[in-house]
Structures are given as structure tokens and as C-alpha cells.
Amino acid sequence: MFAITTISTIPDLEEFLEKYGEPEQPVLIKGLANTWPAREKWGPDQLRAALHDHPDVADRGVFFVSRKPVLEDDIVIPDFLKSILQSDQVMSDSIAWRFWVNRRHNRTEFHYDTNAENVITVQVKGRKEWVLVSPDTPLPCYPFTNFTLLKDEEKLLRNKRYCKFDLEEGDLLYVPPYWYHRAVAKEDVNININWTYTKCATSVLTREFQRDIERISLLNALKNHRWPVVRKGFAKVIGALPKVGGIGWGLKSFISSPYTPGRFAILRRTFKELLNVPGMLMTLPAVRTTLKKVDKT
Ligand SMILES: O=C(O)CCC(=O)C(=O)O
Ligand SMILES: [Fe+2]
């Protein structure tokens, strides 16, 4: 276990990129949103109604999402983040605003966000307990997915590099790409807002990123296979899968990185993923119970 880096002054763009954004290391900024109008204005019913009525916002069940800025008057976006969102180093189709409105005990299970997303999250109301796990000590995932096998947390975290902390009202958290996370709502009312973005290029090659590149290469190879029977069979399998989290890469261009896997690496990846099939079958009953419990907004 390690302690998350916690700071109480807002870094400028240069400092944020140098210490956290470029090396892809998490950071917590205490009290950043203490003066936001949203702290006074937002409540669960009022916010849900405002988001439902908004033409740019989609209700995804677990969270609300918009591709464009929403409720901007209630928020003060820190300058470093404003610059990042406007930068040409970031893929414009990756930028999203997400809103989470949760009751006490709501639990978002371990996963990492697809498309190499960086997540900046601000706890506007209430408090959530977070666990972040380094992508260099990967957790076992359902085959080919970004969702961790549902297992006892203590067992899951054994020998992993992780941190556990509370994100309190007003705090900002930076979750770098491929860092697994889970969050549990601790107050009656919990509201957080997220910004997501994907960098056009990265030089950080974590073990989980490597897995993702191999996974996506395999999916592309199947999708574009020269035998129609493979292409069609693959399309059928993908069409039949539940649409959670997205499989593969969902943005216009792929992130540029120092790694291109060869055939052997892709083959090895396929076998490694299949090794998790028994684990998947064993946890299926728990998955059903968890899905039923999800706190829909
Ligand atoms: O707030 C939560 O419950 C989970 C948030 C999350 O997974 C994310 O921001 O990517
Ligand atoms: Fe997430």
C-alpha cells in the first residue's frame, strides 16, 4: 500500500504535466472546489432534473454524460485542466463531462476506463472511499475486458501496488490511464463530476497498457481477417456481448505509444486471457447480484 500524493495548492499546467500528467501518476488536490457555486446549488433531485432536461446530456443509467460543457456557471474549471481540454495533444473525441449522483453504499466495482482515458474527478457533495491500483501490478480481469473479476477485495489486492483514501467534499482526484479503481459512496448524498480525455501519444508503457494494445491488435486482426467466415463469426460474437464499458478502442485514432506487438505477443495474450475463463465462470453469480444492485440515477 502507498499513500496517494496529496497537495493543497492548485498546480499550473506545467507543474501538473511534469509531476502527474506525463508520468501518469495519481494526485489528490484538497479543497479545490470549496468555492464552487455547485457546492451550494446542487442537490440530487435538482441536478438529476437539470441533466434530464439538458439537450446535450445522455442518461447512461450509472452516470450522465455530455460531450459538451454543461452547467458551467456552477463550476470553476482549474486552469491546468482548461488548457488540457483545449490542447491539440488530446483527442477531441475523447473529451466527456460525466455526472454521478449516488446514495450511500453505492459501489462502483474495480475497472479501468477504456480508451486510455485520463479521469479528473471532483467530489462536489458527500464523500467516496477510493482504491486505486497501479497498472504495473494488474488485477485479473474478465477475459478481454477492463473489468476486474469480482473477488474478495483483500485477496485481489494482495501483493499489489495500491492506495486507499477518502475523496472528501471539494477534493479533486486525477486517475491516470489504466489505473484500476473502485469507489464506494459514504454519505447519504454523493455527487461527483468527471472530465475524461485521452492523450494523442504517451511514452508510459505499463503492463496493463501493453495488455490493452495486444487485446486491441487481436480484435482488429479478427475484424479485418482475410477469411469472411472469421470476420462474420467475430461480428456475431461482438454483437451478442453485453454492451458494458466498450471492448476495443472507441476513438477515431489510436494512441501512439512505444509498443507494437508481434504475432507471438498477440497469441500469448489470447492464451493468457483464456486462462481467466474459469475465474469468470466462478464469479458469474456474483456478477448478476452486483448488476441488480447498481444504483441507477
Ligand atoms: O464515482 C464513482 O463511483 C466511480 C467513478 C469512476 O469510475 C470514474 O470516474 O471513472
Ligand atoms: Fe472509472
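Note that the coordinates shown come from a computational prediction; the quantities given were computed from them, not determined experimentally. Atoms within a ligand are numbered from 1 in the order they appear, just like the ligands themselves. Side-chain atoms are counted along with the backbone in the values below, which use heavy atoms only and exclude waters and symmetry mates.
- Near Ala183, the atoms of ligand 1 lying under 4.0 angstrom from a non-hydrogen atom of the residue are 2 (C), 3 (O).
- Side-chain contact annotation: Thr137 with Tyr162, donor-acceptor N/O pair under 3.5 Å absent.
- Heavy-atom separations between Val119 and ligand 1 include at least one value shorter than 4.0 Å.
- Heavy-atom proximity to Arg98, at under 4.0 Å, picks out these atoms of ligand 1: 8 (C), 9 (O), 10 (O).
- Contact atoms of ligand 1 toward Lys128: 1 (O), 2 (C), 3 (O) (distance under 4.0 Å to a heavy atom of the residue).
- Considering only heavy atoms from C-beta on, Asp171 stays 4.5 Å or farther from Val122 through its side chain.
- Clustering of Ile, Leu, Val, Met, Phe, Trp and Tyr by side-chain heavy atoms under 4.5 Å joins Phe271 with Leu267.
- Of the residues listed (Trp130, Tyr174, Tyr112), the one engaging His181 in a ring-ring contact (aromatic ring centres under 6.0 Å, His included) is Trp130, and it is the only one.
- In this structure, OG on Ser257 lies 11.5 Å from NZ on Lys199, to the nearest 0.5 angstrom.
- Looking only at side-chain heavy atoms (C-beta outward), Ile191 and Phe99 stay at 4.5 Å or farther from each other.
- In terms of polar-atom proximity, defined here as any N/O pair under 3.5 Å, Asn102 makes no such contact with ligand 1.
- The number of protein N, O or S atoms lying under 2.8 Å from the Fe ion (ligand 2) is 3.
- Less than 4.0 angstrom separates some heavy atom of His111 from each of these atoms of ligand 1: 7 (O).
- The single protein non-hydrogen atom nearest to atom 9 (O) of ligand 1 is Asn194 OD1, 2.8 Å, given as residue, atom name and distance.
- Here the straight-line distance linking atom CD1 of Ile95 with atom OG1 of Thr196 works out to 8.0 Å at 0.5 Å rounding.
- In summary, of the residues considered (Leu71, Ile75, Asn194), a side chain to side chain contact (heavy atoms under 4.5 Å, CB included) with Trp97 occurs for Ile75 alone.
- Applying the 4.0 Å criterion to heavy atoms of Asp113 picks out, from ligand 1, the atoms 10 (O).
- Residue Glu187 is tested with Arg127, Arg103, Lys125 for a salt bridge (Lys or Arg N to Asp or Glu O under 4.0 Å); the sole match is Arg127.
- Proximity of Thr108 to ligand 1, defined as any heavy-atom pair under 4.0 Å, is confined to the side chain (atoms from C-beta onward).
- Side chains of Glu24 and Thr202: a donor-acceptor N/O pair is present below 3.5 angstrom, by distance only.
- With respect to atom 5 (C) of ligand 1, the closest heavy atom belonging to the protein is Trp100 CZ2, 3.5 Å.
- The local environment of CD in Glu154 is sparse, with at most 12 non-hydrogen atoms from other residues, nucleotides or ligands closer than 6.0 Å.
- Residue-ligand proximity, Asn192 to ligand 1, at heavy-atom distances under 4.0 Å covers atoms 1 (O).
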